[in-house]
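Have a look at this one before I ask anything.
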Amino acid sequence: DNLAKKIRMLRNYGSEIKYRHEIIGYNSRLDEVQAAFLSVKLKHLDSINAHKRKLADIYHSQLKGDFIKPALDSSCFDVYHIFNIRHPERDRIKAYLLKKNIKTEIHYPVPPHRQNALKHLFRGQSYPITDEIHRTTLSLPISYGHSRKEIERVIDIINNYY
């Protein structure tokens with residue numbers, strides 16, 4: 001049982017609980033079935049990325065300035081795996097959005113220097129900016145399955161937070 005637990009943790013970033021890394025692990029959960037799905041999805045990757053970039057443009061142009069949005073850099077090609085904003089009232093905003101049936105995620109709630117698996121590398125050191133980022137970060141909905149209308153609804157609701 002202990003060995004099975006450790007192997008499951010090793011294949012999932014060293015974690016039993018999402019975002020809580022007890023040991024150093026890996027991301028190796030790709031089995032043959034997932035590989036088959038990905039081989040089909042790969043053919044559509046450019047259109048998936050283009051769609052998500054359009055949704056991100058909507059967030060960038062319509063989301064109020066009260067939120068720290070991802071930095072834009074013309075030399076970078078962001079495919080927006082996530083659309084992460086920052087705000088000091090992150091937890092309240094997350095609860096507010098959930099009441100409106102908008103699910104968000106906190107990527108990643110525990111900074112690396114506070115992960116049990118890595119603490120020994122950072123003893124006696126302080127990372128206040130990293131702590132602030134992890135305390136205020138919130139990922140808004142953005143996927144190939146989202147429409148422009150759905151993202152505009154998220155923006156309307158979050159812009160009316162105050």
Side-chain angles (χ1 to χ4, degrees), residues 12-22 25-27 29-30 34 37-38 40-119 121-122 124-162:
N12 189 35
Y13 303 106
S15 176
E16 267 189 300
I17 300 169
K18 190 173 186 176
Y19 301 129
R20 308 285 181 198
H21 309 288
E22 298 300 320
Y26 309 90
N27 178 8
R29 295 167 284 168
L30 185 67
Q34 291 179 6
F37 280 114
L38 287 175
V40 172
K41 190 176 181 181
L42 189 59
K43 296 171 189 162
H44 306 282
L45 187 59
D46 289 339
S47 64
I48 290 169
N49 288 341
H51 178 73
K52 289 179 73 174
R53 288 172 57 85
K54 286 178 188 172
L55 298 180
D57 286 344
I58 297 167
Y59 275 130
H60 276 291
S61 65
Q62 295 182 26
L63 197 59
K64 280 185 180 177
D66 299 342
F67 305 97
I68 298 173
K69 297 177 264 189
L72 294 172
D73 183 339
S74 61
S75 68
C76 295
F77 185 82
D78 196 330
V79 295
Y80 295 97
H81 164 65
I82 59 175
F83 192 90
N84 185 268
I85 62 169
R86 291 184 45 224
H87 194 279
E89 295 182 25
R90 185 262 323 267
D91 294 336
R92 288 183 180 164
I93 292 169
K94 182 174 177 52
Y96 165 77
L97 291 172
L98 189 56
K99 285 181 185 174
K100 306 283 187 181
N101 294 315
I102 298 171
K103 294 180 183 175
T104 58
E105 181 66 57
I106 298 172
H107 292 100
Y108 297 86
V110 182
H113 69 282
R114 297 196 182 280
Q115 294 288 351
N116 284 339
L118 301 174
K119 276 184 177 180
L121 299 173
F122 302 101
Q125 299 179 51
S126 169
Y127 299 93
I129 295 170
T130 300
D131 286 329
E132 174 69 15
I133 289 169
H134 286 265
R135 188 174 36 257
T136 60
T137 187
L138 183 66
S139 297
L140 299 180
I142 190 166
S143 76
Y144 187 64
H146 285 107
S147 68
R148 176 184 188 99
K149 185 176 179 180
E150 289 170 319
I151 299 307
E152 287 174 341
R153 177 179 174 267
V154 172
I155 292 167
D156 286 342
I157 290 170
I158 199 169
N159 279 345
N160 286 311
Y161 171 69
Y162 293 105

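Fair warning: this is a prediction, and the values are worked out from it, not measured in the lab. Numbers for residues simply follow the sequence, beginning at 1.
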- [ ] Kindly indicate whether the side chain of Tyr80, heavy atoms from C-beta on, has any atom under 4.5 Å from the side chain of Leu55.
- [x]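 The answer is no; the side chains never approach within 4.5 Å.
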- [ ] Check whether any side-chain heavy atom of Ile157 lies under 4.5 Å from a side-chain heavy atom of Leu97, and answer yes or no.
- [x]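 Yes. Closest side-chain heavy atoms under 4.5 Å.
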Open item on the list: Given 3.5 Å as the limit, does a donor-acceptor pair link the side chain of Gln115 with the main chain of Val110, or not?
Closed with: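 Yes, because the side chain of Gln115 sits within donor-acceptor range (under 3.5 Å) of the backbone of Val110.
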Task: Distance (rounded to the nearest 0.5 Å) between Arg135 CZ and Asp91 CG - done: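 Reported value, rounded in 0.5 Å steps: 10.5 Å.
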Open item on the list: If the condition is side-chain contact (heavy atoms from CB on, under 4.5 Å), which residues does Asn101 pass it with, not counting sequence neighbours?
Closed with: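 In terms of side-chain contact (heavy atoms from CB on, under 4.5 Å), with neighbours along the sequence ignored, Asn101 is linked to no residue.
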TODO: Look up atom NZ in Lys52 and atom CD1 in Ile151, then write down how far apart they are to the nearest 0.5 Å.
DONE: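 The CD1 atom of Ile151 is 10.0 Å from NZ of Lys52, to the nearest 0.5 Å.
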Open item on the list: How close do Leu138 and Arg90 get, counting heavy atoms only, and between which atoms?
Closed with: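 Where Leu138 meets Arg90 most closely, the heavy atoms are CB-CG, 3.8 Å.
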Open item on the list: If I take atom OG from residue Ser143 and atom CD1 from residue Ile48, how far apart are they, to the nearest 0.5 angstrom?
Closed with: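 Atom-to-atom, Ser143:OG and Ile48:CD1 are 10.0 Å apart.
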Open item on the list: Is any side-chain heavy atom of Asn12 closer than 4.5 Å to one of Tyr26?
Closed with: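 Tyr26 does not reach Asn12 side chain to side chain.
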Only distances under 3.5 Å count here; give the side-chain donor-acceptor pairs of residues 69-76 to other protein atoms, sequence neighbours excluded, each with its distance to 0.1 Å.
residue: Lys69; atom: NZ; partner: His60; partner atom: O; Å: 3.0
residue: Lys69; atom: NZ; partner: Leu63; partner atom: O; Å: 3.0
residue: Asp73; atom: OD1; partner: Ser75; partner atom: N; Å: 2.9
residue: Asp73; atom: OD1; partner: Ser75; partner atom: OG; Å: 2.7
residue: Asp73; atom: OD2; partner: Ser75; partner atom: OG; Å: 3.4

TODO: Hey, can you tell me if Tyr96 and Tyr161 have their rings parallel, tilted or perpendicular (30° and 60° cut-offs)?
DONE: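 Because their plane-to-plane angle is over 60°, the rings of Tyr96 and Tyr161 count as perpendicular.
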- [ ] Locate the shortest heavy-atom distance separating Tyr19 from Ile106; write the atom from each residue and the value.
- [x]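 Taking every non-hydrogen atom into account, CE1-O, 3.4 Å.
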Task: Closest contact, heavy atoms only, Ser47 versus His44 - done: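 Ser47 and His44 have their closest heavy atoms at OG-O, 2.9 Å.
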TODO: Run the salt-bridge test on Glu89 and Lys94 with the 4.0 Å N-O cut-off and return the result as yes or no.
DONE: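 Judged by the 4.0 Å cut-off on N to carboxylate O distance, Glu89 and Lys94 do not form a salt bridge.
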Task: Over 12 non-hydrogen atoms of neighbours within 6.0 angstrom of CG in Asn27 - done: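 Correct, the count exceeds 12.
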Open item on the list: If you count heavy atoms of other groups shown closer than 6.0 angstrom to CD1 of Ile17, is the number above 12?
Closed with: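 No, CD1 of Ile17 has 12 or fewer neighbouring heavy atoms, counting only those of other groups under 6.0 Å.
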Open item on the list: What I'd like to find out is whether the side chain of Asn159 reaches to under 4.5 Å of the side chain of Ile155, using heavy atoms alone.
Closed with: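 Yes, close enough: below the 4.5 Å cut-off.
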Task: Within residues 149-162 or reaching into it, pairs that qualify as salt bridge (Lys or Arg N to Asp or Glu O under 4.0 Å) - sequence neighbours excluded - done: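 Checked against salt bridge (Lys or Arg N to Asp or Glu O under 4.0 Å) - neighbours excluded - the pairs reaching residues 149-162 are Arg148-Glu152.
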Return a table of donor-acceptor pairs under 3.5 angstrom between the side chains of residues 124-131 and protein atoms on other chains or two or more places apart.
residue: Gln125; atom: OE1; partner: Tyr127; partner atom: OH; Å: 2.5
residue: Asp131; atom: OD1; partner: His113; partner atom: NE2; Å: 3.1
residue: Asp131; atom: OD1; partner: Arg114; partner atom: NE; Å: 2.9
residue: Asp131; atom: OD2; partner: Arg114; partner atom: NH2; Å: 2.9

Open item on the list: Can you tell me how far apart OH (Tyr59) and CG (Leu140) are? Round to the nearest 0.5 Å.
Closed with: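 That separation rounds to 4.5 Å.
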Open item on the list: Can you give me the closest heavy-atom contact between Thr137 and Arg86, atom names plus distance?
Closed with: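 Minimum heavy-atom contact is CA-CG, 4.1 Å.
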Open item on the list: Quick check: closest heavy atoms across His134 and Pro109, and the distance to 0.1 Å?
Closed with: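 It is CB-O, 3.9 Å.
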TODO: Please list, chain by chain and in numerical order, all residues satisfying side-chain contact (heavy atoms from CB on, under 4.5 Å) with Phe77, sequence neighbours excluded.
DONE: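 Per chain and number, Phe77 pairs via side-chain contact (heavy atoms from CB on, under 4.5 Å) with Arg53, Val79.
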Task: Separation of Ile133 CD1 from Thr136 OG1 (nearest 0.5 Å) - done: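 So the OG1 of Thr136 and the CD1 of Ile133 are separated by 7.0 Å.
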Task: Nearest heavy atoms of Ser139 and His107, plus distance in Å - done: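 Shortest heavy-atom separation between Ser139 and His107 comes out as OG-ND1, 2.8 Å.
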- [ ] Determine whether Asn116 and His21 make a side-chain contact, defined as any pair of heavy atoms from C-beta on separated by less than 4.5 Å.
- [x]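 Side chain of Asn116 against side chain of His21, heavy atoms only: no contact under 4.5 Å found.
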TODO: Find the distance between OG1 (Thr104) and CD1 (Ile82) and round it off to the nearest 0.5 Å.
DONE: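 Separation between the atoms: 11.5 Å.
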Task: His51: partners by ring-ring contact (aromatic ring centres under 6.0 Å, His included), with sequence neighbours left out - done: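 Once residues adjacent in sequence are excluded, the partners of His51 under the ring-ring contact (aromatic ring centres under 6.0 Å, His included) criterion are Tyr144.
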